[in-house]
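Note that the coordinates shown come from a computational prediction; the quantities given were computed from them, not determined experimentally. Order of appearance sets the numbers: ligands from 1, and atoms from 1 within every ligand.
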Amino acid sequence: MRMQVHGCFFVIFFAAVLSPQAQTSEASPPPMGWNSWNHFACRVTAADVRDAANAIASNGMKETGYIYVNVDDCWQGGRDEKGRIEPNKNFGDMKALADYIHSKGLKFGIYSSPGPETCAGFTGSYQHEEQDAQTYAEWGVDYLKYDWCSASQVYPVSQIREVYKKMDDALRKTGRPIVFSLCEYGWDLVWKWGKDVGGNMWRTTGDIQDKYDSMATIGFGQAGLEAFAGPGHWNDPDMLEIGNGGMRHEEYITHMTLWCLLAAPLLAGNDLTKMTPEDQAILLNKEAIAVDQDPKGVQGRRLSAEGPLEVWAKPLADGSVAVGLFSRTNAYPVKVSFKDLGFTGSVHVRDLWAHKDLGSFENEFTAHVPRHGAVMIRVSK
Ligand code: GLA
């Protein structure tokens, strides 16, 4: 960019210095919203996406921070004679869909692949990167999930960084701030370079399933990746399964507790038009979400693991620390020592699921954690 022409040089140079990453400013705290894949998979239609937007705008999710309404795979049709991507008959007019979502005060996300085909076999962006980025910008897209899928057929994995950078360049060229979500399942230690290729978030693992073992393996498996996350660039342990019915209430509490401590992007993946009050209370727990979205922007880390009992902690901007106490097997007492959190003397403890101040404690706190469950507290001086 800077090598272009004299007159433009300073303008471009200073614009670049003042706003180094248009996308990043859009994704300072971990992005929050909804994505169609976990519930609808390839059955998704534009009507489902509008229903999701309506639900978010009316059930309190929007006010709680869920802003992105994201279509995952299966919206694509073919390309017209000029090579421009077209939606399939389940979607019709993408600009109209974007306008509708924007009219609700929400943002619109879309999905593609650097390969010729997406994971579900729909048209990918291979050799159409700039054109697709331009089309997305014209439609009013605010977020792109870019999923490796069939790219292995046309690129060696050693080129993975260049391939993602190519789309980042194309998105920047549009001038529209578009959150860039890398999805390549954690290959090639993406957390080490995802930010350098313009990623605002990157999947660190394979696909989550709506089962405790899958969720727990992914969530607890994030230990050690905390150094790579920060404002505008986050590790992504995949989307939420809360409300999809495959886990028990305590297991979904564990899911939300872990994701919030991990400062993970929070993309609900359920049918928002059919939520039970219990699932809604989990997804809309403002005290948990405040931990996820905390302006200090630190990903929590594992403090201890004693067999199936784990304690995780996330330092927050006001000097308090959010703590998760987990049992990965049966119901057990789980203990945290305040000195491990950097506190001496007596501290104040608040239960973020019970929404209750528990009072003052000295030295340590012990929670009675149900099977596969979690207790989340906020500890402050
Ligand atoms: C991959 C991704 C999923 C989802 C599907 C869609 O498996 O990891 O999150 O996007 O593709 O086909």
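The nearest heavy-atom contact from the protein to atom 10 (O) of ligand 1 is D72 OD1, 2.6 Å.
For the residue pair D132 / Y126, no side-chain donor-acceptor distance below 3.5 Å is found, with atom types taken as modelled. In the model, Y164 has no side-chain atom that pairs as donor or acceptor with a side-chain atom of D196 under 3.5 Å. Side-chain atoms of T257 and W312 form no donor-acceptor pair, as typed in the model, at a separation below 3.5 Å. Side chains of Q299 and N235: a donor-acceptor N/O pair is present below 3.5 angstrom, by distance only. Side-chain atoms of D51 and T273 include no donor-acceptor pair closer than 3.5 Å.
Counting heavy atoms from C-beta on, the side chains of F365 and I377 come closer than 4.5 Å.
Using a 4.0 Å cut-off to heavy atoms of Y185, the atoms of ligand 1 that qualify are 8 (O). In the vicinity of A120, heavy-atom distances shorter than 4.0 Å reach the ligand 1 atoms 12 (O). Short contacts between ligand 1 and C119, defined as distances under 4.0 Å to a heavy atom of the residue, involve ligand atoms 1 (C), 11 (O), 12 (O).
Checking each of I289, L267, L272 against Y66 for a side-chain contact (heavy atoms from CB on, under 4.5 Å) leaves exactly one that passes, namely I289.
Checking T118, N38, D73, D236 against atom 12 (O) of ligand 1, the nearest heavy atom belongs to D73. Closest heavy-atom approach to atom 9 (O) of ligand 1 within the set K145, M239, E184: this belongs to K145.
With a heavy-atom cut-off of 4.0 Å, C74 does not touch ligand 1 at all.
The closest approach between D207 and ligand 1 falls below 4.0 Å for a heavy atom of the residue.
Note: an N/O pair closer than 3.5 Å links D147 and ligand 1 by distance alone.
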